[in-house]
Every structure is written in C-alpha cells, then in structure tokens.
Amino acid sequence: MTQKEFVTLTQPFMDKIFRLAKRLLVSTEEAKDAAQEIQLKLWSKKNDLSAYRSLEALAMTMTKNYCLDQLKSKRASHLSLVHSNFNDREAGLQQRLEDKDSLQWVEKCMNELPEQQKMILQLREIEGYEFAEIGEILEMNETAVRVALSRARKSIREKMIKTHHYGIQ
Amino acid sequence: MAFNKTQHIEELLERYFEGLTSLEEEKQLQHYFLSDDVAPHLINYSSLFNYFASEKEIEITSKIPEAPSKKPLFTWVTVAAVFVLFAGMLFTWNQTSSQQDELGTFDDPEIAMVETLKALELVSRNVNLGMESVIYLNEYNQSKQLIFKTR
C-alpha cells in the first residue's frame, strides 16, 4: 500500500478521530498527537488492514483505547490536563457572545460526564453513528449503549436546567 | 399546524431523552432547533443542539502533507541551465584557442630580423638589470677577503 492510498483510505475519518480524542483529552494539541499516533499505528499494520470489516470502527476503537490509556497514565502521575485552548472566543455582537456562552455551558456540562458517556454522546450526536456501530467501537452491547446515552442526555438536561434557572428560582 | 409541530417535537424530545429516537428523528430535532422558529418553552434545548452542530465542524488542522512530487519543469530547467553553461564554456574555449593560433609571424625576413633583435634586446636589458643588483655582492666578498686574508 502506498502512502497516497493509505491517506485516501484514512483521511475520511481522521477528523472523527481528532474530535473523539479532543472530547476525551480536551487539549487540542494532545488530540492532534493522539490522531497522529493512531494514524501511525494504522500505517504500521497497513498490510493487514483489509482483514478488518470496518477500518473506521477499528480506528475509533483504537482512539478510544489510546485516549483512555493517556488519561489513566495522567491520573496515576497526578498530572492535570494542560491545555492552552481555554478561551479563544473572538469578541463579537452581544447575541453571538451569549450564544457562545450557552454553547460553552453545554460543553462544560458534557465535560463533567464520565468518559464512557462522553464518548457515546460524541459518537451519536456529533458523528451520527448507529447504536450497533457505537457498540462495536466501544465494545459494548447495543442496549447498554442506549441506556448510557439516555443517561448522558438526561444528566446534561438536568445540568442545563440548573444553569438556566440559576438566580431565578 | 404549528401546534401539531410543537407537539411532535415534544414527543420526539421525550423519546430522545430515553435514547429511543433513530438517527433520522434526531436529525429532525436538530433541524427544528437550528431554525429560528422554536417554541418559547423549548428554547433552552436549542443550545444543546446548536452545540452538537458546531462541534461537527471541528477539523484537524494538520492534515498529512502529500509526498512532495518532483516537478518535471524544474528538472528541465536544470538540464537547460547545464546545457547553456557547457555551451558558454565551449564558446570561450574556442575563442581563446583561435587567438593562440596567431604567433606573430612575419612574411618579410628583414622586419622579422628587426623584431627579433628588439625582442632579444628586451631580454638582455632585463638580464642586465638583474645583474646590477648582484654587483654589490662582490664588494662584500672583497671586504671579507681583506679581513680574513684567506689568500
């Protein structure tokens, strides 16, 4: 397999890998590192890629495992996540700021969820995967995915309701 | 109609939070909340769907660069440059060698004689010039003999 073939094969889901990694690792730089790492791993086994049913699912599973490993090793060494992309919002119209603000709130709510729920939300809401595909990627059964998804959505809703009613009730 | 639509969305939302909606239904929800026409009591949900929609647009910025392909144009320019260089060198070399062919020969023997004498005179004058500067060394030799009286 040449480099060009490999790139055309992996390019369609590199963004998805990056987004999933960013969801879990928060930092853009670390997410880029993760995406690169996954691509390297895929490249190193480029000759038996055709044996897998879905390359994308394989890559997503690898991303998941890699990111969870990263998080685990971080926690073990008591290092907090260091990232520089805390705030890169440009100033704009009042409305736009408010919009962004409420979007940031959603992000914050989502970041507070446990990793598994984060991943399920990411895969379902943002990448638009079917339950079966999510199950394959996360190595869970479909019902468990459905339950976890429902839980994640509800807990985001509760957090948001608290936010919106803050200071009013 | 609008009432029915809102009711439909509410229903979908309920099932959405139970994790029972299909991707198609979730698309409907997203479409509804991204539009400007959201029922006031549901407006709080719109930021959720807006967020998901905005997250979809994040892209990894550093795509793998393609292997740089050598442009054939550049290669041809190099070849042309080398060719021009060689042509230039050949040209100048030819010119200098053709100049060397003229050795300054004369057809008339008398003029040749005069020219030869001139040339020899020049040489001898230069040789004498060299000799003059050596003469004082003789002085040194004489004074040495005075002192040491080797003879």
Side-chain angles (χ1 to χ4, degrees), chain A residues 2-4 6-8 10-11 14-19 21-23 28 31-32 34-36 39 43 98-110 120-122 124-131 133 143 145-158 160-161 163-165, chain B residues 6-75:
Chain A
T2 66
Q3 190 189 350
K4 211 164 194 176
F6 178 76
V7 169
T8 47
T10 54
Q11 205 63 154
M14 282 317 289
D15 284 333
K16 293 185 181 183
I17 286 177
F18 173 68
R19 287 191 289 248
K22 191 168 184 300
R23 174 67 53 209
T28 309
K32 271 186 200 164
Q36 217 162 48
Q39 204 162 27
W43 173 253
E98 263 174 31
D99 283 352
K100 285 226 160 151
D101 210 37
S102 66
L103 296 195
Q104 269 183 312
W105 258 110
V106 181
E107 183 163 28
K108 214 180 151 203
C109 295
M110 201 165 159
I120 292 177
L121 271 184
Q122 174 79 21
R124 179 69 176 186
E125 308 288 5
I126 293 160
E127 311 301 356
Y129 282 112
E130 291 287 355
F131 288 117
E133 290 170 307
T143 328
V145 171
R146 212 178 272 269
V147 169
L149 179 67
S150 158
R151 225 171 262 159
R153 281 171 176 168
K154 277 178 184 164
S155 78
I156 284 200
R157 176 174 65 178
E158 266 151 43
M160 284 181 58
I161 286 171
T163 315
H164 284 295
H165 287 197
Chain B
T6 316
Q7 212 169 28
H8 177 62
I9 293 295
E10 276 174 4
E11 235 166 74
L12 278 184
L13 265 181
E14 204 165 300
R15 290 178 52 220
Y16 171 80
F17 282 107
E18 294 303 325
L20 297 172
T21 40
S22 67
L23 280 177
E24 189 51 47
E25 287 168 325
E26 282 166 25
K27 247 180 221 160
Q28 274 182 39
L29 277 172
Q30 190 153 53
H31 186 75
Y32 173 78
F33 283 106
L34 289 184
S35 69
D36 298 326
D37 180 32
V38 181
H41 65 288
L42 296 176
I43 201 110
N44 285 350
Y45 293 114
S46 68
S47 56
L48 183 66
F49 289 96
N50 268 307
Y51 173 72
F52 291 144
S54 74
E55 284 295 288
K56 265 178 216 177
E57 281 152 25
I58 295 179
E59 280 180 3
I60 186 163
T61 42
S62 57
K63 305 248 176 180
I64 288 194
E66 277 184 37
S69 58
K70 278 191 180 168
K71 283 177 184 163
L73 180 74
F74 187 71
T75 340

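Naming convention: chains lettered A, B, ... in sequence-line order (proteins, then strands); numbering from 1 in each chain.
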B:Glu14, CD atom: more than 12 neighbouring heavy atoms under 6.0 Å: no

Measure the spacing between CZ of B:Phe17 and CD of A:Glu158 and express it to the nearest 0.5 Å. 9.5 Å

When only heavy atoms count and the cut-off is under 4.5 Å, which of residues 26-35 of chain B reach chain A? B:Glu26

More than 12 heavy atoms of other groups within 6.0 Å of A:Arg157 CZ: yes

Got a sec, which residues hit side chain to side chain donor-acceptor pair (under 3.5 Å) with B:Glu11, two or more places apart in sequence or on another chain? none

Tell me, side chain or backbone of B:Ser22 under 4.5 Å from chain A's heavy atoms, or both, or neither? backbone

Most chain A-contacting option - heavy-atom pairs closer than 4.5 Å, from B:Ile58, B:Leu20, B:Leu23: B:Leu23

Contacting region of A:Glu130 [heavy-atom separation from chain B under 4.5 Å]: both

How many angstroms lie between OH in B:Tyr51 and CD in A:Gln104, if you round to the nearest 0.5 Å? 9.5 Å

To the nearest 0.5 Å, how far apart are CG in B:Leu48 and CZ in A:Arg153? 9.0 Å

Give the member of A:Arg146, A:Glu127, A:Arg19 that has the highest number of heavy-atom pairs under 4.5 Å with chain B. A:Arg19

With a 4.5 angstrom heavy-atom cut-off, could you sort out which part of A:Tyr129 is near chain B: side chain, backbone, both or neither? backbone

Which atom of A:Ser150 lies closest to which atom of B:Gly19, heavy atoms considered: CB-N, 3.8 Å

What's the verdict on side chain to side chain contact (heavy atoms under 4.5 Å, CB included) for A:Phe18 and B:Glu59, showing C-alpha distance, side-chain angles and the deciding distance? CA-CA 7 Å; A:Phe18 173 68; B:Glu59 280 180 3; over 6 Å; no

Could you tell me which portion of A:Ile156 (side chain, backbone, both or neither) has an atom closer than 4.5 angstrom to a non-hydrogen atom of chain B? side chain

Contacting moiety of B:Tyr16, where chain A heavy atoms sit under 4.5 Å: both

For A:Phe131 against B:Thr21, the heavy-atom pair lying closest together: CE1-O, 4.0 Å

Would you call A:Lys154 and B:Glu18 a salt bridge, taking side-chain N to carboxylate O under 4.0 Å as the test? yes

